[in-house]
Each structure stands twice: as structure tokens, then as C-alpha cells.
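Quick one: this structure, given as C-alpha cells, is what I'll be asking you about.
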2 protein chains.
Amino acid sequence: MTELQRRPTLMDVAKAAGVSRALVSIVMRGAPGAAESTRQKVLEAARELGYRADSRARLLRSSRTKLLGLIFSSSQPFHAEIVDAAYAEASARGYEIALSAVATGRPEARAIETLLDVGAEALIIIAPTLSPEDLALHARRVPVVSLLREDVGDLVDSVSSDDYAGIRIAVEHLASLGHCRITHVDGGTAVSSDQRREAYRTEMLRHGLEPVIVPGGPDEETGMRAGQVLQADLPTAVIAFNDRSALGIMESFRAAGISIPADISVLGYDDSHFARLSYVQLSSISQDAPLLAAAAVDRAVDRVEGTLPPGRVVRTPHLVLRRTTGHAGAQKVGQN
Amino acid sequence: MTELQRRPTLMDVAKAAGVSRALVSIVMRGAPGAAESTRQKVLEAARELGYRADSRARLLRSSRTKLLGLIFSSSQPFHAEIVDAAYAEASARGYEIALSAVATGRPEARAIETLLDVGAEALIIIAPTLSPEDLALHARRVPVVSLLREDVGDLVDSVSSDDYAGIRIAVEHLASLGHCRITHVDGGTAVSSDQRREAYRTEMLRHGLEPVIVPGGPDEETGMRAGQVLQADLPTAVIAFNDRSALGIMESFRAAGISIPADISVLGYDDSHFARLSYVQLSSISQDAPLLAAAAVDRAVDRVEGTLPPGRVVRTPHLVLRRTTGHAGAQKVGQN
DNA sequence: TAGTTCGACTAGAACGATCTAGACGACGAC
DNA sequence: GTCGTCGTCTAGATCGTTCTAGTCGAACTA
């Protein structure tokens, strides 16, 4: 069996390069105060030994870790896209990301503790479920950024997508296609469901249309049940709470021989992976995960580096047009 | 703005309780060597001050972090299930998990470095793509466990599902339903694709059947294309590389008016979230993610704590019967 | 009584980095 | 020639823990 080898330290590099530890430290973190020639010599020695700074020791002394904590839910595919984008943005700003998942039997509070223990300087929480009070408690230690949820109190930053605007775009799109009977299948108790439901109601009224809301949920199963309810009195268009719900709705239509978009238009929300599949081609409202993620990371870094106060960032979603929405046609007369 | 408050240290507690730092340390980690009376006194003082050990300092000194590094791919929904289960198992064995994702522009090597930096004592990598040599390089530093991939060299542990057995079960299931013309849509260059393809070939021959392989891939799009190829000469059953591929295959059949399982049986692999959807009900081979995850965590912990040599753990997958496979019927005669 | 053992406790050295204060030589100004 | 300045480099303190090697007194043994 091979012996597990000790990881090289500053001292090792210093000896190899024939200089002091302090100088190696200076070179490694790119601080001024080293001659170019020795800088090269030290870097060479470090590379040779495969040296990497021990973040625990560094942190103990300097309290700078350049580490951002990101909390996501392992059961939400949409979160994965955000994680992906967050890495890119953090890297661009010279930070690393420490991940922690909310999973079954692993509450948000636990995820937060873990991240603080490994030395995260700021926390980004995707769709946090903690109360504003609990969040504020943590926000007194480190900057906290809430992603995809807005009502998080004054001590916590938030980066979110404008749900109201998203629904407005959805209603306007369908209205412009001549639809008058537009139903909303809501998200039940899911985050953002209330905002979207209210936005839908307001926008419909603004267009002089009657809002009809069918209870739903955040996944295919609830969408399918809602689809069956819809069939009792088929509208000409549906705005689903999200793409997964839309998928369920469409599936129930398919089983009943109702064709899309000829008989009814279906609009999703999230522009997720599913919506893009060639055999789905779901028109959807995109929250643009990469942009949201980048905004959250920027916010976190700004808070860590500067002293600016917590604030809100709101981005406007946009429509991604595919195959499931079309002009209100003959069916409107027939079905009415 | 509220000032960020300094957290209390061992010294603070020691002063408050009127003892030495060392004794507080002993009490805090429940080590033997303190009288019950002083133990209570110290605990009381610690509680009073809201003391929490600074894990950075603790880890720096003790080199025990009780931290397991887990590397997954943000684009694989199947990995999320494993992450979920790994948390539970690690927690049960008194360890924490540090997560790191492989994402676009963020290679595996980078993910590994991050985890080592925060002090992971062992690495669990889901479907690693590094070469055995590169893996071995890291395995000299810390125990490395490969999950879902077997050919990783002698220095690296592996926990995997027996692909051969999985395919054997698949072929046997379909053969027992009377199918003779069973086609395999492979996974292209995806991990495990080669093993499953070969297992399929061998098992078909063992049953005296002729193996037919259609090139595919790990997702819906490639599955759909394969489905179209299949239609030129429809077999009575298909074994897809995974569930997503099966979904694509089924979609292409649906578009062509081919019904499942009346005209053709479709069998997936992974028993993922998709397979379980009420309108999909895909029969599938389950690798049992929670069990695999638990085995990987156990392996990692055993390696960290004991001195046992690297080894292989192989689990046998099982069949989950749903609605997409059925008896070979009339179509066999008609289509031939 | 002297020696041994034992439990309770402590001082001080790690751990691996950063930071502060200062040394040293070279160079220019007066 | 002395002084100050500047750039480069180093020694040693420090962060908050844990670990090692004791000390100290009481109890037990012979």
C-alpha cells in the first residue's frame, strides 16, 4: 500500500525556492512586494510540488476565503441550471463556490451551518423556505442573498424574476393571438404561485377578460389532474404555473384527443430543459437562469467586498416562442 | 447597520469558567479527563456565551474534518437522487458532505481541488471521466471512491451497479414474455454504454436470439432518432440505454401511431423520476440510487477510518415492472 | 513512610497560513 | 559622508483550536 502523502505547505515551497515562508505567501496571493525574478522562481517551485494553499489555515488567519456558499434543492432540476451558471460567474469574479443541498431529512438550517463551517463568506439560497426572521439571524453574520424569492426582510438581498411581468407577457401574447378564454393552472403552495396567480387575475381584468383559475401544483401529476378538470369546459388557452405542470396538462389533452395548438394553446413557465425537447416544443416564459445566477453572485460578491446595504434585484423574464401556442381559431366558436 | 460580532473563543469560555483553554477543549469535544462538576461548569459557561467551536481552527489542528467530498454533474437528474441519499447515509455515520459540481467550463479536476481545499478526507466521484492514472494521482492523497464506474485502477475504490446483470434481467424478462426480436438502442459514448451493449449481445446469443443494436445516446433526442430508425423494421421489444432514451423512442412511436405495449414493448434503465410518471409508467431496470449512494459513503468512511485496501462493491439491479412491457402478441407474425 | 498509581488539570508547542515590523543593500539628495 | 527612501526580503507573532508532556495532590500499596 502506498503511504498517503502529506500535502506540501508554504514551508516546503520556501525551502525548495530558497526563500522565506512570508515571501512565498506574498507571491502565492499575488500581493505586491516581490521581485519578478524571485516571483517566477517561487511559482516554479510551487508548481513543481503541486502546492495549493490550505484554505482552513488561510481562513483562520485572514478571514478571507473567497468562498461563496450556494444552497439548492436536490429535487429541483431548475436549480441545477442555476448552479451551473453560478460557478461560471463566481469563477469570473475570482471566487469559488461551496455547494450544499437541501434534501430529504436535511433542512435548510443544516445546509447553512455546513457552509459557514467550511468558511463561506456569503450565502446564496435558492428559493429559501426559512422565515424572514430566521434568515435575518444568519444575515447578521454574513451577507445572505435570496434567489427567486423576494419577501425576505430588510437584512437579506434578493435577486428574483419579475413574476408579474412574466405573467403580463404571457397574457399579452395569448391575447394578441386572439384568445379570450385564457385559464391559469396555478402552482398550489409552491414558491411564487401566489404572485403569479394574482398577476394573472389583474392582467386578465386589465384586458377586459374573465380570469379563471384551476388549482394545480409544481409537477406533472398535478398538471395532469388540472388538465382533466379543464376538459369539462375547455378554454382556448392555458397558462401553466411551470413547464412540468404544462407537460402534465398536455398529456391529459393528448389522451383525450385534444390537439395543441389547434384546439388549445398551452404556455409554460421556466423554459426548462423539458420545454426545449424536440417533441415537446413548449412555448414558455423564460426566467433566464444564467442571468439570475450571475446577478446573485454579483450581489454576493459586492456585499462581501464593499459595504453597500442589502437590496433587491429584479429581472424581467421573456417569452420563448415554440409550437404550443397559436392563433385562436375555429374551436373558439365550436367549444363555447 | 449592525456590526458583525466576533464569535467567542475557547479562551473566552475558559476565562468565564475559570479554567484553562485545554480543559474547555476537553469538555467541548466530550473527551475523558474532566471531573463531572467542572464539566457542568464549563458547559454552562459555553452555553451562556453562545460558544460554537471554530471548525477551521479545529480542522487545522486535528486534521480530522469528518467531511466527505462528493462530486456530481449538475446536468444529470439521476445524480441528484444519489446526492440526496448520500447526505442521509453520511449523516448517519457522523460525517458531513461537501458538494462540488461538474458544470460547463468546470472540469472534474477543478471540482476535486475545491473539495480538497475545504478539507475533504475522502472523495466520492459519480461517474468520473478522468483517466485511471489521473484518479490514482489523487488517490495517493485521499481515498477516492468511484460511483457508477468500475475501470478506475487499483488505487481507487469503486461502487457500481452490475450492468451485465441488469441487461441479463432485461433480456430474460422480455424473453419470458415470448419476445424473440429484441433490439437494443445503445448509449453511444456515455459511461456504461459499452458494458451494456456487450452484455446485451452476449445474453441474446445465450438465449439463441439474434442481437440487433441501433446507435443511440443518453437523452430524449437521440432516443427519438433511434426510434425512427427502428420503425423501418419494427422489432417486438426494445431495451433502451436509459429512461430518457426510452422516452424519446416511445415518443417517436407515438407519432407514428405504434402503440405500447400492444405493438412493441419498451424497457428503460435507471428507474428515474420520468419512468414513474403516471402517464409514462415505463418498465425499467432500477440501479437503486439510495443503496448505491449508501454503499459509496460506507466505503469512503471505512477507508478513512480503517486502513483497509481499495476494493470493489457491485450491486445487482432489479426490474421494476410497469406498463410498457407486455406479452409478445399478434404483431410478431404480422410485422415480420 | 516512601513509592507508585491515578485522576484532574495546565502550560506551551503545534497546525499552516497571514500580518506586522523591521533589516538590508542600493541609490540619490543635500 | 550622512541621511532618507525605496524595493525586496525575513523573523516572529498571531488566528483558535488540539495535542503532548507535564505538574500536583490524593489515594493506594508494600
Side-chain angles (χ1 to χ4, degrees), chain A residues 4-43 45-46 49-67 96 116-119 121 141, chain B residues 4-43 45-46 49-67 96 113-114 116-121 141-142:
Chain A
L4 295 186
Q5 58 192 20
R6 201 177 52 85
R7 139 182 209 152
T9 74
L10 267 192
M11 195 58 202
D12 299 321
V13 179
K15 273 206 199 101
V19 295
S20 70
R21 273 171 328 164
L23 190 55
V24 177
S25 172
I26 287 171
V27 171
M28 292 318 287
R29 69 200 131 94
E36 189 50 33
S37 60
T38 35
R39 192 176 285 273
Q40 289 308 326
K41 194 172 55 181
V42 169
L43 284 175
L49 293 172
Y51 171 80
R52 295 208 90 223
D54 182 324
S55 70
R56 297 161 292 177
R58 155 175 300 179
L59 152 68
L60 177 57
R61 179 59 225 203
S62 73
S63 74
R64 286 307 316 271
T65 63
K66 295 248 171 186
L67 206 58
E96 256 299 344
L116 291 180
D117 280 355
V118 301
E121 294 188 70
R141 281 242 174 96
Chain B
L4 297 186
Q5 54 200 17
R6 196 180 63 85
R7 63 195 278 175
T9 74
L10 267 191
M11 196 57 205
D12 298 322
V13 179
K15 274 205 198 99
V19 296
S20 70
R21 276 169 326 162
L23 190 55
V24 178
S25 172
I26 287 171
V27 171
M28 292 318 288
R29 68 199 134 94
E36 190 49 33
S37 59
T38 35
R39 191 175 287 272
Q40 289 309 326
K41 192 172 59 182
V42 168
L43 284 174
L49 293 172
Y51 171 80
R52 258 194 110 227
D54 182 327
S55 69
R56 285 86 67 152
R58 157 177 299 180
L59 306 184
L60 176 58
R61 176 61 226 202
S62 71
S63 74
R64 285 307 316 270
T65 65
K66 294 247 172 187
L67 207 57
E96 255 299 344
E113 294 299 355
T114 308
L116 292 180
D117 280 357
V118 301
E121 293 188 71
R141 283 233 180 103
V142 295

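What you see is a predicted model, and the numbers here were worked out from it, not measured in a lab. Labels below follow one simple rule: chain letters A, B, ... track the order of the sequence lines, proteins then strands, and each chain is numbered from 1.
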- Message: Checking contacts here: which listed nucleotide (dA11(C), dT18(C), dT18(D)) is nearest the side-chain heavy atoms of L10(A)?
- Response: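 Shortest atom-to-atom distance from the side chain points to dT18(C).
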
- Query: dT14(D) P sits how many Å from M11(B) CE, rounded?
  - Reply: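 Computing the M11(B):CE to dT14(D):P distance gives 13 Å.
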
- Task: For A34(A), answer base if it contacts any base atom (sugar-phosphate contacts may also be present), sugar-phosphate if it contacts only those atoms, and nothing otherwise; contact means non-hydrogen atoms under 4.0 Å.
- Result: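 Sugar-phosphate, no base atom in range.
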
- Message: Expressed as a whole number of angstroms, how long is the span from Q40(A):CD to dT8(D):P?
- Response: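 Rounded to the whole Å, the gap is 14 Å.
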
- Please work out if R21(A) contacts a base, only the sugar-phosphate, or nothing of the nucleic acid, heavy-atom cut-off 4.0 Å.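 Touches a base.
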
- Point-to-point distance, once rounded to the nearest 0.5 Å, from CZ of R21(B) to CE of M28(B):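 Going from the CZ atom of R21(B) to the CE atom of M28(B) covers 15.5 Å.
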
- Where the side chain of R29(B) is concerned, which of dT10(D), dC19(D), dA17(C) is the nearest nucleotide?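 That would be dC19(D).
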
- Query: Starting at CD1 of I26(B) and ending at C1' of dT20(D), how long is that distance when rounded to a whole Å?
  - Reply: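 Taking atom C1' of dT20(D) as the reference, CD1 of I26(B) is at 11 Å.
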
- Query: Does a side-chain N-to-carboxylate-O contact under 4.0 Å join R52(A) and D117(B)?
  - Reply: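 Result for this pair is yes, salt bridge flagged.
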
- Query: How many Å lie between CZ on R58(A) and P on dG16(D), as a whole number?
  - Reply: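 My rounded result for the distance is 18 Å.
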
- Check the distance between dA17(C)'s P and R56(A)'s CZ and give it to me in whole angstrom.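 Atom CZ in R56(A) sits about 10 Å away from atom P in dA17(C).
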
- Message: What is the separation between atom NZ on K15(B) and atom P on dG16(D), rounded to the nearest whole Å?
- Response: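 Atom-to-atom, K15(B) to dG16(D), this comes out as 11 Å.
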
- Position toward the 5' end of DNA chain C (nearest nucleotide), A57(B) or G18(B):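 Its nearest nucleotide lies further toward 5', so the answer is G18(B).
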
- Query: L23(B) CG to dT18(D) P: how many Å, rounded?
  - Reply: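 Taking atom P of dT18(D) as the reference, CG of L23(B) is at 12 Å.
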
- Could you check if a side-chain atom of L10(B) sits within less than 4.5 angstrom of a side-chain atom of Y51(B), using non-hydrogen atoms only?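 L10(B) reaches Y51(B) side chain to side chain.
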
- Classify the nucleic acid contact of S25(B) as base, sugar-phosphate or nothing, counting any heavy atom under 4.0 Å across all strands shown.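 The answer is base, as S25(B) lies within the cut-off (heavy atoms under 4.0 Å) of a base atom.
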
- When you check the phosphate oxygens OP1 and OP2 of dG16(C), does a side-chain N or O of T9(A) lie under 4.0 Å from one of them?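 Result: no.
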
- Message: Taking S25(A)'s backbone N and O only, do any of them form a donor-acceptor pair with R29(A)'s side chain (distance below 3.5 Å, no angle check)?
- Response: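 Confirmed, R29(A) side chain pairs with S25(A) backbone.
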
- Is there a donor-acceptor pair under 3.5 Å between the side chain of E96(A) and the backbone N or O of L67(A)?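 No, the answer is negative, given that no donor and acceptor are paired below the 3.5 Å cut-off.
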
- Starting at atom OH of Y51(B), determine the distance to atom P of dG16(D), rounded to an integer number of angstrom.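 Between P of dG16(D) and OH of Y51(B): 10 Å.
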
- Could you please name the option among dT14(D), dC9(C), dT18(D) that lies closest to any side-chain atom of R61(A)?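 Among dT14(D), dC9(C), dT18(D), the one nearest the side chain of R61(A) is dT14(D).
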
